[in-house]
There are 2 protein chains.
Amino acid sequence: MRSYGQYCGVARALDAVGDRWNLLIVRELLLRGPCRYTDLQHGLPGIATNLLAERLRDLEAVGVVSRQAAPPPVATTLFELTESGRELEPVLRALGRWGSRFMGESPEGDAFRVHWLAFPVAEYWVDNDPEAGPLSIAVHTGEEAAVIEASGGQLDVRLGPAQSPDLVLSGDPQTILGLLVGRLSPAEARRRGLRSHGDIGLLRRFRPEHRPPASVRLAP
Amino acid sequence: MRSYGQYCGVARALDAVGDRWNLLIVRELLLRGPCRYTDLQHGLPGIATNLLAERLRDLEAVGVVSRQAAPPPVATTLFELTESGRELEPVLRALGRWGSRFMGESPEGDAFRVHWLAFPVAEYWVDNDPEAGPLSIAVHTGEEAAVIEASGGQLDVRLGPAQSPDLVLSGDPQTILGLLVGRLSPAEARRRGLRSHGDIGLLRRFRPEHRPPASVRLAP
DNA sequence: CGGCATCCTCTTTGATACTG
DNA sequence: CAGTATCAAAGAGGATGCCG
C-alpha cells in the first residue's frame with residue numbers, strides 16, 4: 001500500500017496493516033496461533049495465493065509477523081505474530097464488535113469457520129462464576145467443531161472435538177452466534193434449528209458484560 | 001470494496017469501512033464534528049476529489065455518514081457521522097494507539113494537521129486533579145493552532161486560537177507530540193526546539209494512564 | 001503435499017482538468 | 001463549494017505451473 005503521507009497514528013497504522021487482507025491474516029494468527037501457509041489459506045477463504053504470500057512478506061517487513069522453521073515433527077514453515085502483531089488485538093476486537101451489527105444479515109454465500117466464534121466469545125462472554133468447576137461446551141457447525149472451555153475465570157476457545165463436553169451445541173452459524181452473544185434465547189435458537197445435548201442453562205453463567213463509556217470528548 | 005464473503009464480524013466491518021481512506025474520513029468527522037466537503041479535503045491531504053466523493057457515498061450507503069443541508073448562515077452541505085459511525089471511535093482509538101509506535105520515525109514529507117493531536121490526548125491523557133480549576137493549553141505547530149481545555153475532569157480539544165491560555169506550546173509536530181504523550185520530558189522537548197510560555201509543569205496534571213490487560217485468551 | 005511465482009484480466013486508485 | 005470526467009498506473013483476483 002502506498003503511504004497516506006500523514007503524521008498521524010491512525011494513518012501510520014493503516015500504512016502498516018491497512019492493505020486488503022492484512023487484518024484478516026492477523027485475525028487468523030490471533031485466533032489460531034502459529035499457522036502453516038495452508039492453515040492460513042483455509043482460514044482466509046477467497047484469498048489469492050499470490051496475495052497471501054505477498055501480504056505475509058509485507059507483514060514481516062513491518063514487524064507484525066515472523067516466520068519460523070518448525071522442528072521435525074512438523075517440518076514446515078510456521079507463521080506467527082510478533083509482540084507488535086499481538087498488540088493489534090484491541091484493534092481486531094473493536095472491529096469485530098462494531099461489525100457484529102452486520103451479523104444479523106443472512107450469511108448466504110458467506111464462508112464460515114468455527115474458530116471465528118472465538119472473537120464474539122472473547123468480546124461478549126464473562127465467567128460470572130469463576131469459582132465453579134471447569135466447564136466445556138462443544139460447538140458443531142458445518143464440517144467443523146470447536147470447544148469453549150471455562151476454568152478459573154479464564155475462557156479458551158480451541159478447534160477440534162471435545163473430550164467430555166458438559167453441553168453440545170449444533171446448528172447453522174447464524175443461530176449458534178445469535179445464541180452465544182445473547183441475541184437469541186435458547187428457545188428462539190431451537191426454533192431456528194439449534195440442536196443441543198446437556199443443560200443449556202449452563203450458558204447463563206456467561207452473560208454479556210458491559211463496559212464504561214469513554215471519558216474524553218473528541219469533537220465538542 | 002468487494003466483500004470478503006466471510007461470516008465474521010471483523011470481515012463484515014472491513015466490508016463496510018475497510019476501503020482505502022474510509023477510516024481516515026471517519027477520523028476527520030470524529031475529531032472535527034460535522035464538516036463541509038472542503039474541510040474534509042483539507043483534513044485528508046492526498047485524497048483525490050473523486051475518491052472523497054465516492055467514499056462519502058459509500059459511507060452513507062452503509063449508514064456511517066449522513067449528509068445534511070445546513071441552514072442559511074452556513075448554506076452548504078454538512079457531512080456528519082451517524083450514531084453507528086460514532087461507534088467506530090474505539091476502532092480508531094485502538095488503531096491510533098497501535099500506530100503510535102511508528103510516530104517516532106521522522107515525519108519528513110508527511111502532512112500534519114493540529115487536530116490530529118486530539119487522538120493522542122484522548123488516549124494518553126487523564127486529568128489527575130479534576131477538582132482544580134479549568135485550564136487551557138494552546139498548541140501552535142505549522143500554520144495551525146489548537147487548544148486543549150480541561151474542566152471538571154473533562155478534556156476537550158478545539159481548533160483555533162486560545163482566549164487566555166495558561167500555557168502556550170509551539171514547535172514541530174514530532175516534538176509537540178513527544179511532549180504530550182510523555183515520550184519527551186520538557187527539557188528534552190526544549191532541546192528539540194520547543195518554545196513555551198507559562199508554567200510547563202502544568203502538564204504533570206495530565207499524566208498517561210494505564211489500562212488493564214484483556215482477560216480472555218484467544219489462541220491457547 | 002506445502003509454499004510459493006507467473007501470467008493474465010479486471011477493477012481501483014491517483015492525478016489532473018473541468019463544471020453547475 | 002461540491003463535486004464529475006478522463007485516463008494512466010497500480011493492485012486484486014483467478015488459473016496454472018514449478019520445485020523441494
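Basis for what follows: all heavy atoms, side chains included, without hydrogens, waters or symmetry-related copies. Each chain gets a letter, A, B and so on, in the order the sequences are listed, and its residues count up from 1.
- Using bins of under 30°, 30° to 60° and over 60° for the plane-to-plane angle, the ring pair B:W21/A:Y4 lands in the perpendicular bin.
- Minimum atom distance to the side chain of B:Y37 is reached by D:dG3, of the listed D:dG13, D:dG3, C:dT13.
- Separating the CG atom of A:L24 from the P atom of D:dA12 is a distance of 13 Å, rounded to the nearest angstrom.
- One atom, CD1 of A:I47, and another, P of D:dA12, lie 10 Å apart when rounded to the nearest Å.
- Although no hydrogens or angles enter the test, the distance criterion places no donor-acceptor pair under 3.5 Å between the side chain of B:S170 and the main chain of B:T141.
- Across all strands, B:T49 comes closer than 4.0 Å to base atoms (heavy-atom distances).
- Side-chain contact of A:Y37 with A:T49: a donor-acceptor pair under 3.5 Å is present, judged by distance alone.
- Put simply, the side chain of A:T76 and the base of C:dG2 share no donor and acceptor less than 3.5 Å apart.
- In the set D:dA12, D:dT16, C:dA15, the nucleotide with an atom closest to the side chain of A:R2 is C:dA15.
- Atom CG in A:L52 sits roughly 13 Å away from atom C1' in D:dG13 (whole-Å rounding).
- One can place CG of A:L51 at 18 Å from P of D:dT16, the figure rounded to the nearest angstrom.
- In this structure, of C:dG2, C:dG14, D:dG13, it is C:dG14 that holds the atom nearest to the side chain of B:N50.
- Within the structure, a side-chain polar atom (N or O) of A:R20 is placed less than 4.0 Å from OP1 or OP2 of D:dG13.
- Within the structure, a side-chain polar atom (N or O) of A:R55 is placed less than 4.0 Å from OP1 or OP2 of D:dA12.
- As a whole-Å value, the separation of A:E54 CD from C:dC7 C1' is 15 Å.
- For the pair A:D58 CG and D:dA10 P, the computed distance is 16 Å after rounding to whole Å.
- The side chain of A:R67 contributes an N or O atom lying less than 4.0 Å from OP1 or OP2 of C:dC4.
- Listed nucleotides D:dG3, C:dA5, C:dG14 differ in distance to B:F79; the shortest reach to its side chain belongs to D:dG3.
- At a threshold of 4.0 angstrom between heavy atoms, the contacts of A:A53 are confined to the sugar-phosphate backbone, with no base atom among them.
- Relative to the side chain of B:R36, the nucleotides D:dA15, D:dC1, D:dA12 differ in distance, and D:dC1 lies closest.
- A donor-acceptor pair is defined here as one N or O able to donate and one able to accept, closer than 3.5 Å; no such pair exists between the side chain of B:Q6 and the backbone of B:A11.
- Using a cutoff of 4.0 Å between basic side-chain nitrogens and carboxylate oxygens, B:E28 and B:R113 are not scored as salt-bridged.
- Rounding to whole angstrom units, CD1 of residue A:I25 and P of D:dA12 are separated by 11 Å.
- Between A:W21 and D:dG13, a side-chain N or O to OP1/OP2 separation shorter than 4.0 Å is present.
- The CZ atom of A:R57 sits 8 Å away from the P atom of C:dC4 (whole-angstrom rounding).
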